[in-house]
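First the structure, in the form of structure tokens, and then the observations on it.
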Amino acid sequence: MNFDYNEEQQLLADSVRRYLAKSYDFEARRKIVAAEGWSTDAWKQFAEIGLTGLPLGTDHGGFGGGAVDLIGVMEAFGEALVVEPYVPLVLAARALERGAKSSPLLSSVVEGRARLAFAHTEKGARYALDAVQTRAKESRLSGEKSAVIGAPIAEHFVVSARGEDGIGLYLVDRAATEVKPQRTLDERLAGDVVLREAPAHKLSGGAALLEETVDFATALLCAEAVGALQFACDTTLEYLKTRKQFGVPIGTFQALQHRIVDMYISLEQARSMACLAASRADSAGDARERARAISAAKIRVADAARHVSQEAVQLHGGMGMSEELKISHTFRRLTVLAREYGDVDHHLARYAAL
Amino acid sequence: MNFDYNEEQQLLADSVRRYLAKSYDFEARRKIVAAEGWSTDAWKQFAEIGLTGLPLGTDHGGFGGGAVDLIGVMEAFGEALVVEPYVPLVLAARALERGAKSSPLLSSVVEGRARLAFAHTEKGARYALDAVQTRAKESRLSGEKSAVIGAPIAEHFVVSARGEDGIGLYLVDRAATEVKPQRTLDERLAGDVVLREAPAHKLSGGAALLEETVDFATALLCAEAVGALQFACDTTLEYLKTRKQFGVPIGTFQALQHRIVDMYISLEQARSMACLAASRADSAGDARERARAISAAKIRVADAARHVSQEAVQLHGGMGMSEELKISHTFRRLTVLAREYGDVDHHLARYAAL
Amino acid sequence: MDLNYSAEELEFRDEVRAWLGANLPAELREEVESYAHLSKDDLLRWHRILAKKGWVAPAWPREWGGTGWNVVQRYLFEEELGYAGSPPLIPFGLSMCGPVLLRFGSDAQKKRFLPRIYNGEDFWCQGYSEPGSGSDLASLKTSAVRKGDHYVVNGQKIWTTLAHYADWIFCLVRSDSGTSKRQEGISFLLIDMRTPGITVRPLILMDGAHEVNEVFFDDVKVPAENLVFEEGKGWTVAKYLLGYERMNTGRIGESKRQLAYLKRYGEHLMGDTRWRDRLSRLEVELTALEITNLRFLDRMRRTGQPPGADVSMLKIKGTEIQQELTELMMDATDPAASDPLSVAVRKRYLSMRKTTIYAGSNEIQRNIIAKSTLGL
Amino acid sequence: MDLNYSAEELEFRDEVRAWLGANLPAELREEVESYAHLSKDDLLRWHRILAKKGWVAPAWPREWGGTGWNVVQRYLFEEELGYAGSPPLIPFGLSMCGPVLLRFGSDAQKKRFLPRIYNGEDFWCQGYSEPGSGSDLASLKTSAVRKGDHYVVNGQKIWTTLAHYADWIFCLVRSDSGTSKRQEGISFLLIDMRTPGITVRPLILMDGAHEVNEVFFDDVKVPAENLVFEEGKGWTVAKYLLGYERMNTGRIGESKRQLAYLKRYGEHLMGDTRWRDRLSRLEVELTALEITNLRFLDRMRRTGQPPGADVSMLKIKGTEIQQELTELMMDATDPAASDPLSVAVRKRYLSMRKTTIYAGSNEIQRNIIAKSTLGL
């Protein structure tokens, strides 16, 4: 039992934090969001630091890392509100590696040359993974995947679709699709992906691989949320110490003290569950144990996201509403994180059924 | 639209409050609870004030009053934590009047000579009115009604039982039953009533009368809860003003101020719903409108009971745990009131289904 | 006790409802219902329709255009406005500057300003908050120095709602910085927004909307005749306004409309126990608040007393309900949808977080109840 | 990062578990599991079984009977005790007076008291709170006046848990009422409960149980040799005890046992979404607290630092979880049932309300976190 990062994990997290501090502060991020919504420089740096290779095996030049290895990175991303579609890349690449081991795309991913996205969401499905309307027939996909994170800049999609033998994942070239770009509530690039008899390569693994991939994503998201929660708590604490009313810092008011204490308690409880989620994503005994841990973590993290984000804005007063302060953007991110890959109700139902 | 008591209602409430202040203060109540659990004197006074006659028609010497007429009385009972089984009497007598208009018992009730109880609860039924195992066959009842409030001193029971034509209410003489006395968590007299082919007189009205009776009871209970909530808020406020720590009254601490404000807000919201419940118990357009209002009221009142009772004890610190202080007994009453005639979950399900 | 409206009250409500049905322009209602941005023209258009009918300022004295309605009628009217989906009546002129002038203004000020407020000729905004003075309003620093027949105003206001639409701003300013009690050096000034030296800078909120502003005053000359009441008595004016009877603090009608809409919008989730229970509890809370509000009105009607700290409770509960409504709406939205309504619903969740902060944060409202109702 | 216990840790846990399985008397376990009242004999019986095994005071130095276990082993041990359904180890001797004597006691005091505490020969209680001094402990008034080789003690303690079982009480008393800082005149005294002038009066709690007492001191003569540390330094002693490492603040093992029991007890409600969701959230919260506790332990083990305000968080969350467990139990109980277990379950709900009040109320714990962790 230990909660240390090992040396490699620490080095990786430090590299990422250094890069973000230097080149991805709130102002830099604002410019990225106002422009194209992603940064080629960031993408290049991620590859250089080793992020793009981390989740893939050594066969492809990667490091074979798991969710635990990414905790520090995701926390840093959450704190900095990184908008680059890194998680979709990880998901698609991992699924591809598991479902088509020899794909030549994988070494391109490691080198930071290939951009992939993971297209599993559809309108009307809410958070159910098995409500898939997209059809696979004779290696061609037809249907529409919606709100696919990173779609506008993806060159390939890993897509969930229903074939004759059930739900599976398929690799599709972006050129065979039509992408309608959007921005999410938390300012990320997304898009609807229209498939009209798009040629596709079927991956092995079926619905189990889809579920495993989304559980892995949820574990990463929990760690990302912890970073965002930490920022929300810390910046609110700082505000309470500096903002004066009635001649004293507002942090001297006991009602506000008790409320920020409860925010930090939520943060610590969420952090614990994020640790559990990453740990079980990597090494659960079976799919049920993994799913229980992931859903439990998402429940607690989503509750914390709601509680902390709402309180952080409230305790900031008007300033919390202003888009000039980072906290309002963290609020948006936490609002989305609480729902992405399943909201509390979805995971309560899943947890109870397991 | 008005929220005044009329003159009769005000007079009645004043009479009850005067009597309770004089003869049913916390010490007097403690003695009643420690002895037999009810007071013949109180019962006599209730008749003299007109309480026993209030809900019955003028045919029987009563006043034909409804739930709204009893709001002030029930609030006073809730504040004083009256343990006498008055509500069961009202329920049984009302049902009897509706289901057997000419029963000679009714004038005895008005005069305070007959003690009735309402036996509708069974083990395993939780709060469902239609989960009735007690059987009626050829005017004889067999089964067991459990936790019947007031059973140990009742001379007659109005009992729910399942006959060939469905669920109905029956009048049973106590002598035909076996009563096993208990005390409830909130120190009232109750008992299990065993029926072994007990001779019974069937009332007309069926399951609809049972449901109407329990809705009426719930409306009274909401008003009683408001009285208990008011006491819990007021006594806590008083404690915050007088209890000193760190050289100042603890009511100067902002965290506690905000919490007691929320208690009073809960009280006012519960009071509003208690008004609605009584009003609709008396004059709803149909059973559905009545049931929706009653369940809505019970949801809000039960939430307030939980919130206010827990906070009242917490803000009292250790003193809130001591049985020497009335607040601990109010805590017990509110704990029971939150669940009697259906807990929050029961009424949420009923409300959603209507 | 009778929770039902009287026949007269119902008749009044039906009259209002029928008139709104006939006179609320469909395109305005649709904009409101789809959470669209309302332009200055939209707001003024509706204001002027009501003014023409004589219903734009029910609480004003009859001689200035008031209706003479009692508190219940005024409540019913506001509830119907909200329930019908009418654009908001911006309160700064009608419910704030107007009542202040009626109570404290000179005859000349009344004659000059009230008809223009009534008819929607002047658009007003409110200059209270400053960067260092939010909850602690009395610490405000914007200065007004008397020079001959003018005041010279310097300083900054913040969170000034719709300042970018406004023709006039009423301000609390510090006219004397040497007083021992901070409240004593404050005056209430009316300032023409076109005066040289005024700069309005947008403050974009987190939903991307431009509603509020910073307003900078740089040697702004304000005629002394624009002082309301006496110099140094601005705090008295501000306190009066805080206690001013507002019937609509809980926004019951508006929330009832949102709730009805939510039931249609979230119909696909009505069978989901978790979502349904949140909706049920919300509906119960709103029902309770409506009755609570009626109880307060009934007491006002009987006693003739102003509402006092009751308003704080309506503010707290009303805004909590509004926020919960928007959260349920968002959770009913298809997470994969990006149509305009879905996007608007999500942004509305962001936007409505302001309701527990503005107009006296809910923390300040709790302080008020603790102090004035509970005596703590 | 590895959330799993190491092989050695698991081996240790299994050893403890096996030993408890073989040595925890079934009748004691059954009493605990049915929420029965535990007599003094019950408590001492279990104490002595552990003492005989050498496991009754793991944190003490080896020379006085400690086990030399590291913090994780001590945590595992306490978790297993709770999970097994063993009677509580009353902390006043083992975890309070003992550690104080080990740190501040004279050699004579150590030799006299520690073995008797260890072996369960003396039953101790704690004399801290007074009617006017709860959260504000430093305002205590019970006086100790030095007269020759004795102190004469007068005053009153309250909420004294198990004083009616106790042979000894350790007290904070005011030995000097003339100091400028209130904390400076306080001393730490050991008092034999059989001394003339001591009266114990039961305080019945709302569940009807007799656990706590008032203790009155009327000219009680206490030998000066029973002063611990220096006169007037009692506050230093008290503060040391507050920071003393307690592994069991969150009561994780006990709550895990209760949760497992709750799942069986409420099996008929597992299909009820409303009740089930409360159970799920509670289970998640307990899982999170267990990991949080392990994270704190891991940090202690790595840094060698005491836990500090972490303990406050464990107290807050641990007691909230305990209360929610009892509330779910009560709600699972058949409302029409009056069998002894149903009655005990309901009374337990009443009883457990004390957990957020005692041992430093959760409000005080929040103050501590705000001050010492957050620097507010």
Side-chain angles (χ1 to χ4, degrees), chain A residues 120-127 144-148 180-187 190-192 243-248 250 253 255-256 259 306 309-310 313-325 327-332 335-336 338-346 348-349, chain C residues 129 131-139 158-159 161 182 202-212 214 268-269 272-278 319 323 327 330-339 342-343 345-347 349-358 361-364 366-367 370:
Chain A
H120 73 295
T121 45
E122 294 186 9
K123 290 199 185 73
R126 290 191 69 85
Y127 306 108
E144 183 171 338
K145 312 305 283 190
S146 294
V148 176
K180 303 175 189 164
Q182 314 141 11
R183 291 288 175 97
T184 60
L185 189 70
D186 57 348
E187 308 171 287
D192 292 348
R243 168 74 173 171
K244 286 188 179 179
Q245 291 283 274
F246 306 103
V248 292
I250 60 174
F253 297 121
L256 307 191
R259 283 164 69 177
R306 177 179 192 270
S309 67
Q310 292 185 352
V313 166
Q314 185 69 25
L315 297 188
H316 269 84
M319 289 311 299
M321 291 296 300
S322 165
E323 69 101 51
E324 289 182 20
L325 250 62
I327 186 60
S328 75
H329 300 264
T330 300
F331 182 91
R332 294 165 72 161
T335 300
V336 172
R339 289 159 182 84
E340 204 168 358
Y341 309 118
D343 60 11
V344 169
D345 288 356
H346 171 80
L348 279 169
Chain C
S129 294
S133 305
S135 301
D136 180 16
L137 190 56
S139 68
I158 196 171
W159 311 123
T161 302
R182 298 183 309 168
L203 266 175
I204 305 303
L205 296 187
M206 67 166 140
D207 61 338
H210 177 198
E211 294 173 16
V212 295
E214 294 175 292
H268 59 293
L269 292 175
D272 176 328
T273 301
R274 298 176 178 92
W275 191 86
R276 184 65 171 86
D277 279 359
R278 288 168 64 198
T319 52
Q323 290 184 339
E327 201 165 346
M330 176 169 63
D331 284 335
T333 298
D334 187 335
S338 54
D339 59 287
S342 298
V343 170
V345 163
R346 294 188 194 113
K347 289 201 168 171
Y349 168 71
L350 304 179
S351 170
M352 293 297 279
R353 301 314 304 173
K354 71 188 170 208
T355 61
T356 47
I357 296 169
Y358 67 27
S361 74
N362 286 17
E363 289 74 27
I364 291 293
R366 287 189 169 87
N367 288 349

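The sequence lines fix the lettering, A, B, ..., with proteins before strands; numbering per chain opens at 1. Given the structure is predicted, the values throughout are model-derived calculations rather than measurements. The figures that follow rest on heavy atoms only: side chains count, while hydrogens, waters and symmetry mates do not.
Only the side chain of Y349(C) comes within less than 4.5 Å of a heavy atom in chain A; its backbone stays farther off. Of the atoms belonging to S129(C), not a single heavy atom falls under 4.5 Å from chain A. Proximity to chain C is absent for every atom of L325(A), based on heavy atoms less than 4.5 angstrom apart. Using a 4.5 Å cut-off between heavy atoms, T333(C) contacts chain A through its backbone alone, with no side-chain atom that close. Residue A209(C): no heavy atom, backbone or side chain, is found under 4.5 Å from chain A. For L269(C), the part sitting under 4.5 Å from any heavy atom of chain A is the side chain, from C-beta outward, and nothing else. Using a 4.5 Å cut-off between heavy atoms, R183(A) makes no contact with chain C at all.
Considering only heavy-atom pairs separated by less than 4.5 Å from chain C, the leading option among K244(A), R332(A), Q310(A), E324(A) is Q310(A). Most heavy-atom pairs under 4.5 Å with chain A, from the set R366(C), H268(C), M330(C): that is M330(C). Comparing R126(A), R306(A), Q182(A), E122(A) by heavy-atom pairs within less than 4.5 Å of chain C, the highest count is held by R126(A). For the set L350(C), T273(C), V343(C), N362(C), the count of heavy-atom pairs under 4.5 angstrom toward chain A peaks at L350(C). With chain C as the partner, the residue from H329(A), M319(A), K180(A), H316(A) showing the most heavy-atom pairs under 4.5 Å is M319(A).
In summary, the side chains of S135(C) and E363(C) do not present any donor paired with an acceptor at a separation below 3.5 Å, with no hydrogens or angles considered. S139(C) and Q245(A) share no donor-acceptor pair across their side chains, judged by distance under 3.5 Å alone.
Residues D331(C) and R339(A) have side chains in contact (heavy-atom distance under 4.5 Å, counting atoms from C-beta outward).
Note that OG of S322(A) and CG of L203(C) are 5.5 Å apart. Values are rounded to the nearest 0.5 Å.
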